[in-house]
2 protein chains.
Amino acid sequence: MRSTNPDSNSRRSPNTSPETAEKILSAAVAEFARHGFTKTTVRGIAAAAEVSPGLVIHHFGSKDALRSACDEHVFERIAELKAAKAGYATMAVQMMFDDPEMSTAVDYLVKSLLDPSEHGQRYFDHYVDLVESYITEGFAGYTFRQSEDSRGQAATIAVMALAPSLLEHRLHSVLGTDDTTAMMTRLAPHLLDLYLHGALESVPDNSQPGDEEP
Amino acid sequence: MRSTNPDSNSRRSPNTSPETAEKILSAAVAEFARHGFTKTTVRGIAAAAEVSPGLVIHHFGSKDALRSACDEHVFERIAELKAAKAGYATMAVQMMFDDPEMSTAVDYLVKSLLDPSEHGQRYFDHYVDLVESYITEGFAGYTFRQSEDSRGQAATIAVMALAPSLLEHRLHSVLGTDDTTAMMTRLAPHLLDLYLHGALESVPDNSQPGDEEP
DNA sequence: TTCGACATTGAACACGCGTTTAATATTAAA
DNA sequence: TTTAATATTAAACGCGTGTTCAATGTCGAA
């Protein structure tokens, strides 16, 4: 179903272009992931896909429609990878950052969270739902601390899990690195330690709050 | 050092209008905090300050220069409030969200972190430095869990502390609230619990990773 | 008063944006 | 081959942007 041409001998793919549309969409996802929706230009996508700006509109109708197409594409990609990793005992955080092939998809979703959109909000809602189910039902053998406000707890943990990606660029600068995978690997033990034991080791023994110095 | 004129007696607000410049700058901070730098327009700032767009440029030179002025202004404001709260026993997280007067300043800094700029990076670096000093020296009687990689640990905690503000709008939507202070108050106990005890209560007892179901 | 310096404005400029349009190139079908 | 349809492009349109400019308003100084 990919090609109906009789002789694909010396001719590659001249006119019939499902390839071109895919190339444009792929370039769009990359550009959106890199610069966000607002700052990404149709001309930039066209240049990255080595086509004219008009062709981008011709294939997808508008910049917003192109974004929707990208949303669906990324969603499918994420769903595939999530299904492929089902049952694999690891934290959701690692699930998102382990696979280098997923990095652009994750970047896209992160930018989608920052640049307000319905798709981005639906993704975040779904993510909080997922975390809440982990809290109530457990995840890969782990048991979560329970709370009366499981929704607020889930939202808190979801936000925490997304934080490193949100500030990825700032982290690169402050840690003096440019390898995202290596950086996330470096942060992973600290995240695990935080999730397992918290960040604080001992609490002050003064009972009433004030400007006291121990 | 503010003025070199000999008689600054009744010389306050004649023609040279510091009031107008302050009004513009205040409006600019609010607009930048609300919509971010890129999406904020000079015309929008001018409308909020009830002046003409040309006057904004006349007073600050350019949109970028206006942003720098806003950066300095917000930095000073934050420094003041931090100094005023020195010695007050509370977490750095709460330090940033407690005071409702600080909310716009915090929003501004958050947007500054997302929309890349030198000032935003310097602020983040400073923030990580602060957290690292808390880790090594303790904070308000609290003792942090130690790590060989204190820099990575500090970056991790700093990112976590900033996360709720970064996704404030998404949190509003997912929790069905429009009161930021109330929402942060709701999340506070979950954050404290996370920092004190972590998020996970028990770990699975299977020693080798796989697709096992407990 | 007159003058000069500054504040302030409305209109316009130059530019980049998303999008449209007319024209060309290419291919499948008749 | 001819024809219809689609892919593709260069150019331009309309719009919003940051910015500039000439004109007007305003107030202290002389």
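Throughout, protein chains are lettered first and strands after them, A, B, ... in sequence-line order, and every chain is numbered starting at 1.
Listed by residue number, the members of residues 47-57 of chain A with any heavy atom below 4.0 angstrom from DNA chain C are A:Gly54, A:Ile57.
The side-chain tip of B:Arg67 points at the ring of B:Phe37 from less than 6.0 angstrom away and within 45° of straight on.
If you take CZ of B:Phe60 and C1' of D:dT20, they are 18 Å apart, rounded to a whole angstrom. With rounding to whole Å, A:His58 atom NE2 is found 13 Å from C:dT26 atom C1'. One can place NZ of B:Lys39 at 15 Å from C1' of C:dC17, the figure rounded to the nearest angstrom. Computed from coordinates, the B:Glu19 CD to C:dC6 P distance equals 19 Å when rounded to whole Å. If you measure from atom CG of B:Leu66 to atom C1' of D:dT17, you get 15 Å, rounded to the nearest angstrom. Rounded to whole angstrom, the span from the CZ atom of A:Arg67 across to the P atom of C:dC17 amounts to 18 Å. Counting to the nearest Å, the C1' atom of C:dG16 and the NZ atom of B:Lys63 are 13 Å from each other.
The CD1 atom of B:Ile45 lies 10.5 Å from the NE2 atom of B:His35; values are rounded to the nearest 0.5 Å. With values rounded to the nearest 0.5 angstrom, B:Met184 atom CE is found 4.5 Å from B:Ser165 atom OG.
Contact check, B:His59 against C:dT8: a side-chain N or O comes under 4.0 Å of OP1 or OP2.
Side chain to side chain, A:His172 and A:Thr180 meet the donor-acceptor criterion of an N or O pair below 3.5 Å. For A:Thr20 and A:His59, the side-chain atoms include no donor-acceptor pair closer than 3.5 Å.
Between D:dG18, D:dT19, C:dC17, one nucleotide has an atom nearer to the side chain of A:Thr41 than all others, and that is C:dC17. Closest to the B:Thr20 side chain, of the nucleotides D:dG18, C:dT19, C:dT8, is C:dT8.
Across all strands shown, B:Thr40 has heavy atoms under 4.0 Å from sugar-phosphate atoms exclusively, and none from any base.
B:Asp179 and B:Arg186 are not joined by a salt bridge, as no carboxylate oxygen comes within less than 4.0 angstrom of a charged side-chain nitrogen.
For D:dG18, the base has a donor-acceptor partner in the side chain of B:Arg43 [N/O atoms by modelled type, under 3.5 angstrom].
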Can you give me every donor-acceptor pair (side chain of residues 151-160 of chain B, partner residue at least two apart or in another chain, under 3.5 Å) with its distance?
{"from": "B:Arg151", "atom 1": "NH1", "to": "B:Asp129", "atom 2": "OD1", "distance (Å)": "2.7"}
{"from": "B:Arg151", "atom 1": "NH1", "to": "B:Glu132", "atom 2": "OE1", "distance (Å)": "2.7"}
{"from": "B:Arg151", "atom 1": "NH2", "to": "B:Asp129", "atom 2": "OD1", "distance (Å)": "3.1"}
{"from": "B:Gln153", "atom 1": "NE2", "to": "B:Arg145", "atom 2": "O", "distance (Å)": "2.7"}
{"from": "B:Thr156", "atom 1": "OG1", "to": "B:Gly152", "atom 2": "O", "distance (Å)": "2.8"}

